[in-house]
Amino acid sequence: MITHNLGYPRIGNQRELKKGLEQFWAGKISEEELRTIGSKIRQQNWQTQVDAGLNLVPSNDFSFYDHVLDTSLMLGAIPERYQVLVDNQHNSELDVYFAMARGLQTEQADIQAMEMTKWFDTNYHYIVPEFTKNQDFKRFSNKAIQNFEEAKSLGIITKPVLVGPVTFLLLGKEKEAGFERIDLLDKILPIYIEILQELAAKGAIWVQLDEPCLTLDLTENEIIAFQKAYQTIRESVPALKILLATYFECSGDNINLATSLPVNCLHIDLVRCPAQLGDILTLKHFVDSDKSLSLGVVDGRNIWKTDYKKALSFIQTANEQLATDRLLIAPSCSLLHAPCDLDLEKNETVLTPEIKSWFAFAKQKLTEVVALGKIADSKYDLNISLAFAENQRVIEHRKTSVLIHKPFVKQRVAEITPTDSVRQNPFPIRQKLQLKALQLPLFPTTTIGSFPQTDEVRKLRADLKKGVISQIEYDNFIEKEIEKSIIWQEKIGLDVLVHGEFERNDMVEYFGEQLSGYVFTQNGWVQSYGSRCVKPPIIYGDVERTTPMTVRWSKFAQSKTNKLMKGMLTGPITILQWSFVRDDQPRRTTAFQIALAIRDEVLDLENAGIKVIQIDEPAIREGLPLRKADWENYLQWATEAFRLSASKVKDVTQIHTHMCYSEFNDIIKHIADMDADVITIETSRSQMELLEAFVNFQYPNEIGPGVYDIHSPRVPEVNEMVELLEKALVNIPARNLWVNPDCGLKTRKWAETEKALQNMILATQELRIMALAE
Ligand code: GLN
Ligand code: ZN
């Protein structure tokens, strides 16, 4: 059975790509040196995959920034504003490329970057192609061909990977009205064909075209586009073997389309959608054809060891109907979303051998694919395979390990009742009680939680980790920072203060480190976008809060002021969303476990005298399933998890939540269902446009639309903020309106933060005077 891979992490085992990019952008290394780094990573990746024993390894999966941007460049889909850079002889292809990705600010030019957005439901972000009605495409970058030749010169005939033409168009955005981007298909197909023909001429046997959009809800036009694209490609490159890759979802109602496109092989994601195998095997037109099926049985998006028994049952089921030479084995999707290599985790106190034995990172997943292929080739003779026995030992161990399974936690989740996720009284009653208890002025002012994380703070945290300073020294330092920020907040006149989150490295990691059931890697980096990598914590077991996590700091902060001090927590969905999660129980169950842990913390904060508690949920929208039909179910349990964490408090305790990076229109009803007393949201970049959703829906609770953009160092004028607030006041009752920035201030500098917040207070004062006059 042919074993293959869809894509390998491109950041390098030691994040060489990140480091190289940053040095190049800082002007410290030349383009040639950067290119050498790229080619080293590619060579290493190919060698790793060949050494693992795969039959077919990908090329062109490497990218200096993003594979969708690569595709834009291949097709010459370069927005007009970069044309001056293209025309300038001194600029290399890479100069244009990075300008598109990051924008360009020099003395001569100020060109905006292209937009970035999430790659399906992953945490990877791609650069959104821009389209205009009469756009011309022209072959521009030959990277796909160059990379193929590079591998060939090393003796490896790779399978080049391209983003398929339909998915490429669908991932983009129309920049003007009067056309649909899918109509541009005819213009890009000739370039695809040219490239494919050239690859075939240079010796490529297989090519992988990624069309994950085949798993989404499609319009009639889009279905026709798929048929047309693949018909045309088939006719133009009859000898080249085309592997059409779908992943991240079921083909669902597109199953007939996906299985009837004229390609040589269809790849399906059996981790995300196991049921589609059975469905496909009942399709006579597919079974009777000579097409191959690539079985994605190794999870490309998570860190768990594959259960060989389960994977083999898919392979065997397929093999009963399809001859061995029609089957391929692969990871479910590109390994871009997995950390590179588990062998790099050497610190056994951080990651114990027992827990480590349950994991497989990208490199280990290759071994799994190959092992499964071998077992299949042996006609499923499990007795001869040591690998199988060892795999099953680990899988069984994980099912019963006391490290993972905590009866007490499971019981708590089982005992959740509907009343656990409702406050004692509805919002109007709570609002009256809170008004009296909290004595807040009209248009209360607050911030979102974090204050600038200076180099000094970061250095001390690093020193603590290294053992250079003691816990006591560190804690003293944090206390001083908190005190300083309180004096400062009182001075500028904020109403609800925060402690500043100086003690936190990251809003999820900080909690993960204190919850049981969590583990951290030292090198488990995954690309988020361009040079940015994240190291998601791993939830391996039942989640439990064993001791209070934030009470110490909140209590300390409250003791230093007579004003209200807001407690700061990260919500269960955001914690879930930004971690690697368990694959042995539904996400919902894990979310509820985390929710109960946060609830314990909420109640401890309340007991410690904290009257306002914020539970951040910036990632709630990110968790939306790819298919609309599945949204309702997710939103139900996601909002329930939030309410579960928030609802046990007294009516007078005010619960805040905060959201950002989101459009809210399509989920506003569910945001209201979260029933937070106050929500603060990001709105300033869109000039309050985002607020529209809340207004149209008549959002019932209190709301703080961010009045200035914290992503920019720019200090907003008082007038600007007054105007934004007046805009908000047209539709939001004065009593419900809060004044705050867009998001946390940890990435800002103190100087600009001080000025911006001072102006924000001045704007609020003006507003209060105007309100009095009315
Ligand atoms: N409380 C967090 C902070 O201020 C919220 C961060 C976020 O929304 N991403 O940093
Ligand atoms: Zn935010």
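Keep in mind the model is a prediction, meaning the values are calculated, not measured.
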[Y] side chain reached by [X] side chain, heavy atoms, under 4.5 Å:
X    : Y    : value
V551 : N607 : no
L724 : P705 : no
F408 : R412 : yes
I539 : I594 : yes
V649 : R423 : yes
I127 : Y529 : no
P441 : D495 : yes
L440 : L564 : yes

Spacing of [X] atom [atom1] and [Y] atom [atom2] [to the nearest 0.5 Å]:
X    : Y    : atom1 : atom2 : answer
R588 : I573 : CZ    : CD1   : 10.5 Å
I671 : N701 : CD1   : CG    : 12.0 Å
D475 : E479 : CG    : CD    : 7.0 Å
L569 : D616 : CG    : CG    : 8.0 Å
T445 : W738 : OG1   : CH2   : 8.0 Å
I610 : H499 : CD1   : NE2   : 10.0 Å

Cationic N near anionic O, under 4.0 Å, [X] to [Y]:
X    : Y    : result
D542 : K410 : yes
R621 : D666 : yes
E503 : R552 : no

Give me the atom names and distance for the closest heavy-atom approach of [X] to [Y].
X    : Y    : answer
K749 : P452 : C-CG, 3.8 Å
S421 : E640 : OG-CG, 3.8 Å
L460 : Y474 : O-CD1, 3.9 Å
A591 : P572 : O-CB, 3.7 Å
L171 : V128 : O-CG1, 3.6 Å

Has the side chain of [X] got a donor or acceptor atom that lies under 3.5 Å from a matching backbone atom of [Y]?
X    : Y    : value
K650 : Q424 : no
D420 : T417 : yes
Q654 : V678 : no
Q489 : S485 : yes
T764 : M760 : yes
E601 : T550 : yes
S528 : C533 : no
Q614 : I448 : yes
E617 : T574 : yes
H658 : T680 : yes

Exercise. Start with the C-alpha distance between H670 and W631, add both sets of side-chain angles, then the distance that settles ring-ring contact (aromatic ring centres under 6.0 Å, His included), and finish with yes or no.
Key: CA-CA 11 Å; H670 296 93; W631 281 22; 9.1 Å; no
Practice problem: Sequence neighbours left out, what pairs pass ring-ring contact (aromatic ring centres under 6.0 Å, His included) with at least one residue falling in residues 419-444? | Solution: none
Quiz item: Is the ring centre of F592 less than 6.0 Å from the ring centre of W637?
Solution: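 Here the rings of W637 and F592 have centres that are no less than 6.0 Å from each other.
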Quiz item: Would the H337 and F120 ring centres measure less than 6.0 Å apart?
Solution: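 No, the ring centres sit 6.0 Å or more apart.
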Considering residues at least two apart in sequence or located in another chain, which fulfil the side-chain contact (heavy atoms from CB on, under 4.5 Å) criterion with [X]?
X    : result
T561 : I486, E490, L497, Q558, K563, M565
Q577 : R587, A619, E622
K535 : T521, W525
V718 : V722, N759, L762, A763, E766

Counting only heavy atoms not in [X], do more than 12 sit closer than 6.0 Å to its [atom1] atom?
X    : atom1 : answer
E726 : CD    : yes
Q585 : CD    : yes
K555 : NZ    : no
Q112 : CD    : no

For the residue pair [X] and [Y], confirm or rule out a side-chain donor-acceptor distance under 3.5 Å.
X    : Y    : answer
Y124 : D66  : yes
Q636 : E632 : yes
T547 : Q514 : no
N425 : D651 : yes

Exercise. Starting from the C-alpha separation in whole Å, work towards a yes-or-no answer on salt bridge (charged side-chain N to carboxylate O under 4.0 Å, His left out) for R430 and D677.
Key: CA-CA 8 Å; R430 301 199 306 265; D677 298 304; 2.8 Å; yes
Quiz item: What pairs with S647 under side-chain hydrogen bond (donor to acceptor under 3.5 Å, both in side chains), at least two apart in sequence or on another chain?
Solution: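 By the side-chain hydrogen bond (donor to acceptor under 3.5 Å, both in side chains) rule, S647 matches no residue at all.
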Self-check item: Derivation of the salt bridge (charged side-chain N to carboxylate O under 4.0 Å, His left out) call for D121 and R301
Solution: CA-CA 11 Å; D121 58 355; R301 287 191 47 181; 2.7 Å; yes
Practice problem: Check the pair K465 / R461 against side chain to side chain contact (heavy atoms under 4.5 Å, CB included), numbers first and verdict last. | Solution: CA-CA 6 Å; K465 244 189 176 159; R461 191 157 37 247; 5.9 Å; no
Quiz item: Between K173 and E115, is a salt bridge (charged side-chain N to carboxylate O under 4.0 Å, His left out) present by the stated rule, with each step listed?
Solution: CA-CA 10 Å; K173 213 173 169 178; E115 219 178 283; 2.8 Å; yes
Exercise. Kindly assign one of parallel, tilted or perpendicular to the pair Y518 and F520, based on the angle between their ring planes and the thresholds 30° and 60°.
Key: parallel
Self-check item: Criterion salt bridge (charged side-chain N to carboxylate O under 4.0 Å, His left out) on E481 and K484, from CA distance to verdict
Solution: CA-CA 5 Å; E481 288 296 300; K484 268 195 280 182; 3.0 Å; yes
